Amino acid sequence: MQSHDLIVIGAGPGGYTAAIRGAQLGLDVACIEKERALGGTCLRIGCIPSKALLESSELFAKAKGELGAHGIVAPDVQLDLEKMLQRKQRVVTSLTRGIASLIKKNKITRYTGSASFISPSRLLVQEAKGNRELEGKHILIAAGSQVASLPGVDFDGKRIGTSTEALSYSEVPKRLAVIGAGYIGLELGSVWQRLGAEVKVFEYLDRILPGMDKELADAAHKILAKQGLEFDLGARVTAAKASGEECTVEVEGASPWKCDRVLVSVGRKPNTVGLNLEAGGVELDDRGRIAVDAQFRTSAKGVYAIGDVIRGPMLAHKAEEEGAACVEGIVTGYGHVNYDAIPGVVYTHPEIASVGMTEEQLSESGVPYRKGKFPFAANGRAKAIAETEGFVKVLSHNQTDRVLGVHIIGARAGDLIAEAAVAIEFGASSEDIARSSHAHPTLAEAIKEAALSTDGRALHI
Ligand code: NAI
């Protein structure tokens, strides 16, 4: 039987990062992945293809509408959806191949098949050509998550489906129902709305983007509604059914809505079924996730878990941090993730990005804070590129001035938030941000101004 120092189950961002880090630290590493293409949900059917389509659809919407203001006349803008989808697929293929070459370069043994536990140190791998058993000194579960279903909603994989289907509709839906106003609903709803669909987003709560700073979410709601996304808040979807080409979405206390496609985006659940966790002695927590301690150790000795299968936000970069920290912990005895400095980004237009605590969390926990806010409308670069919607909000401790949270809605907010994450990671004060030189003219100057504004010293407003 083949044995390895570290066997990683899953080659998503968490799993492949852990495998590479293990190899860098001198371990003999193997990685088991059931799909032929590496990179997990994120690369194959998540973050990357959705960002490719978001970019293409944004360019299309701009060409149809806003370019005129720049003096660019494009009277006959056409959509070639097939080509748009092919480009997206090329992006995915090049990146998944890139991961395969990283695995090879780092001399990680790759197994293509499904893994399940035989014992805490033994795995069964079901490969196309038969079964094999592997022994691991350490086994890391990075099996990711899958789409959560909704009672009453019949997935048919065609008319009623998940983000996977919504990344590849062969034609622009006339009417698209999106169930859930979270990350996926807003991103993919935006894609198809820009390409010409009438999109209605049904959300159970009375707000969009639960968990994000409320002021940010409210601003996003207004901006996205102005772009043409229709929102039905406080709407509990009880059923969705397809009959031929038509779908019906039923909402508690309201009349049914007819459409030709339904995207269900009500969250994801950890991939714990099929791993035979009982045989591995791996226990779940009260919410069905693999229970781990601060070092990502499960209830079974030598077995670890990271990413979407454990607690915390289901984000690729959170899984990456955990993957590296877990393996560093195994080899060096120390590995740490600062969960206060993990950003969240929704790649709509404008982008919505957050790191640290929201205003609601600060109020609820009784932490005294100061708030600085700066609108992009007062930023020179934003004006020059005609991206004046949105603002930056900096929240710092009232006494120590330590930055506790930064929330941005605006163009390239997903890139801008990196500065704020570094500030939080380094325990910076808003004064530290305010005194750092920010190149002019850049969108990042809005962060400096918002930091100044916590002390009533913003210069350009
Ligand atoms: P989500 O958790 O972000 O949002 C789900 C929404 O559905 C919530 O607002 C919830 O209140 C609503 N909902 C639940 N039941 C409902 C019902 N019966 N009727 C109407 N609304 C209902 O989940 P989503 O968008 O599916 O994304 C899944 C995961 O994928 C998220 O945890 C996110 O972290 C990750 N993701 C991250 C992205 C990014 O980083 N940009 C992009 C896409 C996904």
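Order of appearance sets the numbers: ligands from 1, and atoms from 1 within every ligand. Source: prediction; values computed, not measured.
Considering each of E203, E252, R207, the one bringing a non-hydrogen atom nearest atom 6 (C) of ligand 1 is E203.
Residue R236 places no N or O, backbone or side chain, under 3.5 Å from any N or O of ligand 1. Looking at ligand 1, you won't find any N or O of R268 less than 3.5 Å from one of its N or O atoms. For L205, no nitrogen or oxygen atom sits less than 3.5 Å from a nitrogen or oxygen atom of ligand 1, counting backbone and side chain alike. For ligand 1, the polar-atom distance check finds an N/O of V345 within less than 3.5 Å of one of the ligand's N/O atoms.
Taking a cutoff of 4.0 Å between a charged side-chain nitrogen and a carboxylate oxygen, R412 and E387 do not qualify as a salt bridge. Salt-bridge formation is detected for the pair E187/K51: a Lys NZ or Arg NE/NH1/NH2 atom is positioned less than 4.0 Å from an Asp or Glu carboxylate oxygen.
Between the side chains of E33 and Y16, not a single donor N or O lies within less than 3.5 Å of an accepting N or O. Using a 3.5 Å distance cut-off with no hydrogens or angles, the side chains of Q227 and H349 do not pair a donor with an acceptor.
Close approach of ligand 1 to Y347 (heavy-atom distance below 4.0 Å) involves ligand atoms 41 (N).
When non-hydrogen atoms are compared, ligand 1 lies under 4.0 Å from the side chain of L150 (C-beta onward) but not from its backbone. Both the backbone and the side chain of S265 come within contact range of ligand 1, each with a heavy atom under 4.0 Å.
Counting heavy atoms from C-beta on, the side chains of D260 and R159 come closer than 4.5 Å.
Close to ligand 1: A235, with a non-hydrogen atom less than 4.0 angstrom away.
What sits closest to atom 3 (O) of ligand 1 on the protein, heavy atoms only, is Y183 N, 3.2 Å.
In this pair, F231 and H221 present their aromatic rings perpendicular. The plane angle is above 60°, beyond the 30 to 60° band.
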